[in-house]
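Residues: numbered from 1 along the sequence shown. Indexing begins at 1, ligand by ligand and atom by atom, following the structure's order.
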Amino acid sequence: MITKPKGTKDIYGKEGDSWLYVSNLLDNLMKKYNYNYIRTPIFESTELFHRGVGDNTDLVQKETYDFKDRGDRNITLRPEGTAGVVRSYIENKMYGNTEQPTKYYYNGTMYRYERPQAGRYREFSQFGFELIGSDDEISDAEMISIPYNFLKMLGLNGVTVKINTLGDKESRDNYRQTLIDYFKPHIEELCEDCKNRLEKNPLRVLDCKVDNELEIMKNAPRTIDYLNESSKERYEKVKEYLNILQVEFEETPSLVRGLDYYDHTVFELFATVASKDMAIGGGGRYNGLVELLGGPATPAVGYAAGMDRVMLALEEENITVGDSKAVDVFLMYVNEDEKKYATFLAQELRMNGFVVELEYLGRSLKSQFKQADRLESKFLMILNSEDLDNNQVKIKNNKTKEEELIDLDYIVYFLDENLEDEPCECGDDCDCDGEHGCGCNHE
Ligand code: AMP
């Protein structure tokens with residue numbers, strides 16, 4: 001048997017329904033924020049990630065899937081979404097568009113060669129938002145509020161945001177040097193990776209999972225103490241807007257984020273899952289990245305979350321989404337003429353917006369009734385040649401068990417009249433008539 005590669009996952013059945021539901025909910029929410037959808041290639045030239053994510057990051061040094069294609073080009077499977085979106089922004093000259101800032105969201109697979117464990121895979125899905133072209137603090141705060149609201153809409157509890165600021169380039173450089181000076185006398189205490197990264201990426205040392213219990217970590221200098229006045233003011237403003245948006249946040253001076261491109265605001269979102277905090281995603285401001293990748297200097301802010309984590313969190317918290325049985329009509333038949341009519345009718349009804357199933361296995365009528373029950377079909381249509389010759393069909397309400405003969409011309413009208421509008425999956429009354437992922441704001 002050929003099995004799936006290590007660190008990958010098959011998503012099917014109920015889980016597949018839940019994924020679609022959450023993706024639809026995201027699409028609807030992003031429309032409210034007037035974000036457009038962007039789809040960039042799953043593979044890009046290797047150089048994009050070296051420059052865009054940073055040569056000195058673990059992501060680029062240890063985790064990317066790199067290969068040469070048959071034309072001898074260096075190719076990398078994307079490990080994250082921002083670099084590709086920014087490349088596309090520059091290549092397609094989106095900075096010249098009249099509609100600014102540019103707001104895009106994506107939702108797709110990413111690849112990292114990591115040690116697989118629960119919620120950590122080698123192929124995984126991230127959704128993310130990028131707002132390019134505004135330096136206003138309101139865009140930082142709004143960027144934080146989108147995933148915050150999204151997780152709450154899904155019914156997750158204990159959604160918290162940890163925020164910090166790295167300050168502008170001057171503050172960040174200042175802090176960088178202070179960190180190098182602080183850790184240098186203790187270099188022997190650090191893990192091998194941190195010894196190597198100290199000069200190149202000292203902020204990353206603070207993020208180290210191996211060294212985080214060391215005493216020197218606890219007393220390390222904090223970004224907040226090395227901010228210049230304008231960076232401090234900016235941070236205060238972001239917090240003010242977060243309060244207006246009623247986002248509960250925790251200031252976390254040790255938060256730095258592993259990627260190279262962040263400045264000013266950095267943040268991470270967590271949800272309480274099985275009584276513990278689960279990291280759902282993170283983001284921040286990246287004012288230098290567009291220029292670094294060859295575009296005009298353009299401020300930007302973004303966020304990325306792991307879809308696999310969101311799904312895991314929902315599962316562990318027993319929050320079911322998108323599993324409503326939705327078959328409206330099951331078409332039953334016995335002979336070839338009836339089957340032909342069923343084939344025609346199924347398409348007609350589907351094009352009229354109904355969810356239709358029909359018999360595919362040539363089972364007996366008795367087995368077809370059982371199948372309709374298994375599918376929890378709301379109505380059954382028993383196609384019978386004699387009735388069809390009279391332009392009629394027998395239709396049975398599978399709940400009340402009432403049966404009636406109706407004219408073929410009347411079927412769509414009958415179903416429209418008799419199928420109740422589904423309550424919205426948010427479990428509350430709202431105006432969306434139960435459309436999946438209506439984006440309504442019920443918690
Ligand atoms: P990052 O791009 O590293 O900031 O990651 C943002 C989010 O993506 C994380 O909080 C996770 O939810 C998710 N994520 C990152 N790496 C993986 C992975 N290997 N498997 C599943 N989810 C991941």
*So, Tyr105 versus Tyr33, ring centres under 6.0 angstrom or not?*
no
*Would you please name every residue forming a side-chain hydrogen bond (donor to acceptor under 3.5 Å, both in side chains) with Glu291, sequence neighbours left out?*
none
*Of all residues at least two apart in sequence or in a different chain, which pass the ring-ring contact (aromatic ring centres under 6.0 Å, His included) check with Tyr65?*
Tyr113
*Ion pair check, Glu137 and Arg285, cut-off under 4.0 Å*: no
*Side chains of Lys68 and Asn74: do they bring a donor and an acceptor to under 3.5 Å?*
yes
Side-chain donor-acceptor pairs of residues 266-276 under 3.5 Å, sequence neighbours excluded:
from: Glu268; atom 1: OE2; to: Arg257; atom 2: NH1; distance (Å): 2.9
from: Thr272; atom 1: OG1; to: Gly158; atom 2: O; distance (Å): 3.4

_Residue contacts for ligand 1, heavy atom to ligand atom, distance under 4.0 Å_ = Arg112, Glu114, Gly119, Arg120, Tyr121, Phe124, Gln126, Arg257, Ala279, Ile280, Gly281, Ala304, Gly306, Arg309
